[in-house]
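A note on names: the letters A, B, ... follow the listed sequences, proteins ahead of strands, and every chain is numbered from 1.
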Number of protein chains: 2
Amino acid sequence: MGRGKIEIKRIENSTNRQVTYSKRRAGIVKKAKELTVLCDAEVSLLMVSSTGKIHEYISPSCTHKNLYDRYQQASGTDLWQPHYEKMQEHLQKLKDINNKLRKEIRQRHGEDLDDLGFQQLRGLEQNMEKSVECVRNRKFHVITTQTDTFKKKVKNHEETHNSLIREFEERDADFRFPSLDFEGDYQSTIGFANGNPQIFAFRLQPKLQSADLQDEETYGSYGLSLS
Amino acid sequence: MGRGKIEIKRIENSTNRQVTYSKRRAGIVKKAKELTVLCDAEVSLLMVSSTGKIHEYISPSCTHKNLYDRYQQASGTDLWQPHYEKMQEHLQKLKDINNKLRKEIRQRHGEDLDDLGFQQLRGLEQNMEKSVECVRNRKFHVITTQTDTFKKKVKNHEETHNSLIREFEERDADFRFPSLDFEGDYQSTIGFANGNPQIFAFRLQPKLQSADLQDEETYGSYGLSLS
DNA sequence: TCGACTATTTATAATTA
DNA sequence: TTAATTATAAATAGTCG
């Protein structure tokens, strides 16, 4: 090759290595081109230098992907195809399950009942009655719990209110028949006299009036179009 | 290179082309090996001869796929990555929708109601009552239709039965007080006399007795474990 | 069809500018 | 540094057995 026989082993000097890489890369690309033209072959050549830079040669009217695919087919080590097919299968399964679930929901909405027989309809009806009973019970449980909580709150507030009233009246009495330590407590008593009585008016019914059906978020249709 | 400068153009003689291909292929593979060792580079070399045979060189501890992937990433022409990600996304969407559907079904089964408020429970209850009404109506419709069909069948059979009885009695009368054309009809009359009366016993109730709930196929859980 | 063998060309490592 | 030069090794086209 050059001045004196060279040994084929790693060039330790990084700069020289890069120089040699550039030169030899050019050489190998030239060889690849020649092979393409002379022998009517298709060549895909990918090279990554020790610094991570990528260089390539690919025969005209041909792609790396194309050659790589052919290589994979030939060597029978295509790992993508099975993976891809599995995913497709998986998607189909999910779609099927989705449709079943939708159908069940529709039936539980009283729709799409045409292909159910008498027995199935009777079963569905009984099951739904049982289920609606569960919901009703839960509803009562919730409203009971809420009512209890409100009662407690009301009681609590009443107690606070009463004790404040009591305290106020005591102070008021002190004010009209001042005790020995009047001077020191005057300011705080004035403060209470100016306190806002509306502070004890609270809302007992947190929006329990209109119970419109069907929260779109929860019971709407989950549309999904697949490509 | 050899005996006299060679021109880089396709070798027309097929045999010579193959010979040259073999020699040069060995050469380029050797060069690729040298590049790998000397310059610490990674090389992927795929060659397809004009006869379709595939030869390769790949640097040790490295795969064609690996290098090809890196090349695609670098050149930004990876068509698989986005596709793959889309599929993953799609799968996730389907799973999410599935879970929502399942939750709705559970709630319509009277389960998993803990995170519903009073209003939602009331809405659900009313909706379920409306739905169960639909199912009930459908059930009545089916049973009514079935009953009508049976009635019609019974009526039909009765009519047939009566007309046969009538005919039989007429024939019987003819037998006891033979008419002028007795000879010709004797055989067929005997045939009727031997007819089986049980032929008119039919089943009116096609298995309407036990209406067990829950067809596993329709209302069971659709389990799916994903890898 | 296949190696083995040259006569040459080609590639390139080392050197120089 | 990088680019051009050069001496030499390597590659290989054509040939022969």
Side-chain angles (χ1 to χ4, degrees), chain A residues 1-64 67-68 70-71 74-75, chain B residues 1-64 67-68 70-71 74-75:
Chain A
M1 291 176 175
R3 307 227 168 165
K5 183 173 174 178
I6 71 131
E7 199 184 354
I8 302 297
K9 72 177 231 187
R10 185 170 190 268
I11 299 168
E12 294 301 334
N13 180 308
S14 162
T15 306
N16 284 346
R17 187 166 62 232
Q18 280 314 112
V19 171
T20 297
Y21 177 71
S22 294
K23 286 183 177 179
R24 279 177 171 264
R25 174 159 51 74
I28 205 172
V29 166
K30 191 181 173 201
K31 292 269 178 213
K33 278 181 187 169
E34 290 177 353
L35 195 70
T36 300
V37 176
L38 281 170
C39 309
D40 216 19
E42 293 172 301
V43 180
S44 156
L45 176 63
L46 293 174
M47 293 164 291
V48 185
S49 74
S50 57
T51 59
K53 277 186 185 166
I54 297 181
H55 293 88
E56 51 153 342
Y57 170 76
I58 181 67
S59 300
S61 70
C62 188
T63 64
H64 289 292
L67 272 181
Y68 178 63
R70 277 201 268 168
Y71 161 72
S75 60
Chain B
M1 291 177 176
R3 308 228 168 163
K5 183 173 175 178
I6 71 131
E7 199 185 353
I8 302 298
K9 72 176 232 188
R10 185 170 189 269
I11 298 167
E12 294 301 335
N13 180 309
S14 161
T15 305
N16 284 346
R17 187 166 62 233
Q18 279 314 111
V19 171
T20 297
Y21 177 71
S22 294
K23 286 184 176 180
R24 278 176 171 265
R25 174 159 51 75
I28 204 170
V29 166
K30 192 182 170 199
K31 291 272 178 211
K33 279 180 187 170
E34 290 176 353
L35 195 70
T36 299
V37 176
L38 282 170
C39 308
D40 217 20
E42 292 172 300
V43 181
S44 156
L45 176 63
L46 293 175
M47 293 165 291
V48 185
S49 74
S50 56
T51 59
K53 277 188 184 165
I54 296 181
H55 292 87
E56 51 153 340
Y57 170 75
I58 181 67
S59 299
S61 70
C62 186
T63 65
H64 289 293
L67 271 181
Y68 178 62
R70 278 202 267 168
Y71 160 73
S75 61

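- Atom-to-atom, CZ of B/R24 to P of D/dA10 comes out at 18 Å; the value is rounded to the nearest Å.
- Computed from coordinates, the A/N13 CG to C/dA14 P distance equals 11 Å when rounded to whole Å.
- Tested against A/E42 for a side chain to side chain contact (heavy atoms under 4.5 Å, CB included), the candidates A/T63, A/L35, A/L67, A/T36 yield a single pass: A/L67.
- With sequence neighbours left out, the salt bridge (charged side-chain N to carboxylate O under 4.0 Å, His left out) criterion links B/E12 to B/R10.
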Exercise. Going through the distances and angles, do B/M47 and B/I28 end up as a side chain to side chain contact (heavy atoms under 4.5 Å, CB included)?
Worked result: CA-CA 10 Å; B/M47 293 165 291; B/I28 204 170; 3.7 Å; yes

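- Look at CD1 on A/I8: it is 8 Å from P on C/dA13, rounded to the nearest Å.
- A distance of 6.5 Å separates CD1 in A/I6 from CD in B/E34, rounded to the nearest 0.5 Å.
- Partners of B/T51 according to the side-chain contact (heavy atoms from CB on, under 4.5 Å) rule, which considers only residues two or more places apart in sequence or in another chain, are B/Q18, B/S49, B/K53.
- Between the CG atom of A/L35 and the P atom of C/dT10 there is a distance of 16 Å, rounded to whole Å.
- Atom OG in A/S22 sits 12.5 Å away from atom CZ in A/R24 (nearest 0.5 Å).
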Contacts under 3.5 Å, N or O only, protein and nucleotides 14-17 of chain D:
| residue | atom | partner | partner atom | Å |
| --- | --- | --- | --- | --- |
| D/dG14 | O6 | B/K23 | NZ | 2.8 |

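- Remark: B/K5 is not in phosphate contact with C/dT10, judged by side-chain N or O atoms under 4.0 Å from OP1 or OP2.
- For C/dT12, the OP1/OP2 oxygens have a side-chain nitrogen or oxygen of B/K31 closer than 4.0 Å.
- For A/K30, a side-chain nitrogen or oxygen approaches OP1 or OP2 of C/dA11 to under 4.0 Å.
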